[in-house]
Protein chains: 2
Amino acid sequence: MSLIRHYNSEDKVLVAVDSVIFGFDREGLKILLIKRDFEPQKGAWSLMGGFLKKNETLDQAANRVLHELTGLDSIYMEQVSSYSALGRDPVERTISVAFFALINIAQHDFKLNKAHDAQWFPLSQAPTPIFDHQQMIAEALERLKRKALTNPIGFELLPEKFTMRQLQDLYESILNEKLDKRNFINKINALEILIRLEEKDKTTSKKGAFLYKFDEEKYNQKIDEGFNFKL
Amino acid sequence: MSLIRHYNSEDKVLVAVDSVIFGFDREGLKILLIKRDFEPQKGAWSLMGGFLKKNETLDQAANRVLHELTGLDSIYMEQVSSYSALGRDPVERTISVAFFALINIAQHDFKLNKAHDAQWFPLSQAPTPIFDHQQMIAEALERLKRKALTNPIGFELLPEKFTMRQLQDLYESILNEKLDKRNFINKINALEILIRLEEKDKTTSKKGAFLYKFDEEKYNQKIDEGFNFKL
DNA sequence: TATTTAAGTGTTAAATTAACACATATTTGA
DNA sequence: TCAAATATGTGTTAATTTAACACTTAAATA
């Protein structure tokens with residue numbers, strides 16, 4: 001007789017992961033939604049998700065699901081929260097763990113898996129998604145905001161070379177407020193994580209704007225240290 | 001034939017909740033651990049936990065488990081994170097959602113359920129608990145720190161009447177640093193959530209220290225508004 | 001009545017944040 | 001060719017917030 005108590009009498013439940021996939025391009029911050037192709041709510045928009053398998057962690061599941069849709073690996077992901085309301089998925093009792101992912105749309109040369117009928121939506125123009133996905137998006141966005149104010153995130157969302165204006169646009173779209181150009185530049189420069197290149201980007205102005213890239217070493221240092229931005 | 005796709009082929013897993021129960025009394029910030037009474041690791045210290053049942057939410061499960069141990073209801077709890085490493089519970093594959101709870105030890109007149117062999121430990125003197133519970137505690141503490149800097153929390157942890165010194169002790173033990181007395185008082189008073197009573201507490205000084213209570217209305221207002229303390 | 005102990009109380013310097021406006025380079029159209 | 005239009009680039013000052021700092025007071029006890 002073993003003294004090890006097994007958990008045979010306990011309930012097992014379906015566990016899902018759902019990903020709030022944020023992207024950024026010249027048009028601003030966007031999220032990636034997929035069109036649901038089965039009932040109920042067939043045709044409605046939804047976060048990309050999937051079920052946790054017996055032999056994988058939640059992070060692995062979230063990465064697997066993201067990979068299935070985008071083909072991408074090594075994408076920055078972070079757990080947001082778990083959702084467990086009883087009727088949240090009308091098909092069957094399921095709890096879901098939400099993640100957020102950061103992708104730079106223009107840079108990564110990926111094709112969305114056509115089987116999933118996915119589409120990028122500017123944050124403010126996204127349709128209302130199914131179940132409790134709206135709440136997941138809202139909480140993921142809160143997390144992203146805090147992240148942006150305490151750690152550098154541009155590396156995940158911006159192309160390798162970018163203008164100061166693009167960086168400011170990124171922060172403005174995450175924080176959902178206009179920032180003063182000079183104050184923003186002063187703050188960013190104080191971090192000393194940017195390297196100004198000789199090249200200029202001429203796509204948005206006649207004068208041209210200097211391109212910058214991140215100083216990877218100092219950038220990573222700031223990830224560890226953290227900071228406390230008030231923008 | 002139904003168009004509704006069921007999830008029959010998906011894996012189901014055991015889902016647990018584990019609670020990092022913080023308490024505060026004259027001796028400082030403490031956590032409540034229970035002695036595990038079955039193998040493996042019988043006799044080791046552990047967070048109080050339990051399994052999610054088919055028909056309850058994670059919050060309900062966490063409250064149920066807390067109630068089982070303490071008899072208390074309506075305790076402040078907040079979800080921290082989910083843990084899903086494959087071998088985290090050697091008995092069987094289980095994922096766990098950690099919560100933190102705030103209890104004011106002296107005020108609540110509760111008896112710990114003896115069946116669980118529970119004990120309060122000062123944060124710095126707690127034994128190393130089983131599995132990944134140490135990580136849960138660390139992350140819960142991080143959350144508590146941020147909470148303390150952005151929302152009032154004293155109501156949950158302090159007795160109804162308390163001295164300014166007790167409030168400062170609370171913050172010092174959560175933030176794990178000494179604070180300047182005058183600056184602390186100035187900051188707290190700026191919030192305008194305290195009411196100074198005529199009574200004094202004489203247990204810690206000959207002179208006696210004024211007792212305070214929270215202005216409940218303004219306190220709740222600050223919960224909604226939030227603030228950004230830098231102590 | 002001298003000593004001890006924790007409580008109580010404000011001011012100033014330093015650092016951070018917020019507010020603010022004009023010149024420049026280049027293209028385009030008159 | 002020159003005027004107009006447009007986005008880029010750049011510093012200073014005021015206002016606010018935070019950090020540093022020391023002495024007096026009340027009461028108990030020796």
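Reminder, nothing fancy here: chain letters follow the sequence lines and each chain counts from 1. Computation of the quantities below employed the complete heavy-atom set of this structure, encompassing side-chain atoms and omitting hydrogens, waters and symmetry-equivalent molecules. Computed from a predicted model, the values in this text were never measured in an experiment.
The aromatic rings of A:His133 and A:Phe131 sit perpendicular, their planes meeting at an angle over 60°, well past the 30° parallel limit. Using cut-offs of 30° and 60° on the angle between ring planes, the pair B:His108 and B:Phe110 is tilted.
Remark: the A:Lys207 side chain and the D:dG9 base include no donor-acceptor N/O pair separated by less than 3.5 Å.
With rounding to whole Å, B:Phe229 atom CZ is found 9 Å from D:dT18 atom P. The separation between A:Arg196 atom CZ and D:dG9 atom P is 7 Å, rounded to whole Å. Rounding to whole angstrom units, CZ of residue B:Phe210 and P of D:dA27 are separated by 10 Å. We find that NZ of B:Lys178 is positioned 18 Å from P of D:dC21, with the value rounded to whole Å. D:dG9 atom P lies 13 Å from atom CZ of A:Phe184, rounded to whole Å. One interatomic measurement links the two molecules: CG of B:Asp201 to C1' of D:dA26, which rounds to 15 Å at whole-angstrom precision. Between B:Lys200 atom NZ and D:dT25 atom P there is a gap of 13 Å when expressed in whole angstrom units. As a whole-Å value, the separation of A:Asn183 CG from D:dA14 P is 15 Å.
Boundaries of the chain A contact region on DNA chain C are C:dT17 to C:dT27, first to last in 5' to 3' order (nucleotide atom under 4.0 Å from a heavy atom).
Side-chain contact annotation: B:Tyr83 with B:Glu139, donor-acceptor N/O pair under 3.5 Å present. Between A:Asp18 and A:Ser96, the side chains place a donor N or O and an acceptor N or O closer than 3.5 Å (distance only, hydrogens not considered). Counting only N and O atoms by type, the side chains of B:Gln221 and B:Tyr219 include no donor and acceptor under 3.5 Å apart.
Looking at which nucleotide of DNA chain D each of B:Lys230 and B:Lys181 is closest to, the 5′-most match is held by B:Lys230. Both A:Gly208 and B:Lys206 lie close to DNA chain C; mapped to their nearest nucleotides by heavy-atom distance, the more 5′-ward contact belongs to B:Lys206.
The closest donor-acceptor contact from the side chain of B:Ser84 to the backbone of A:Leu58 lies under 3.5 Å.
Between B:Arg26 and B:Asp201 there is a salt bridge, with a side-chain nitrogen of the basic residue lying less than 4.0 Å from a carboxylate oxygen of the acidic one.
B:Leu179 comes within 4.0 angstrom of nothing in the nucleic acid, heavy atoms only.
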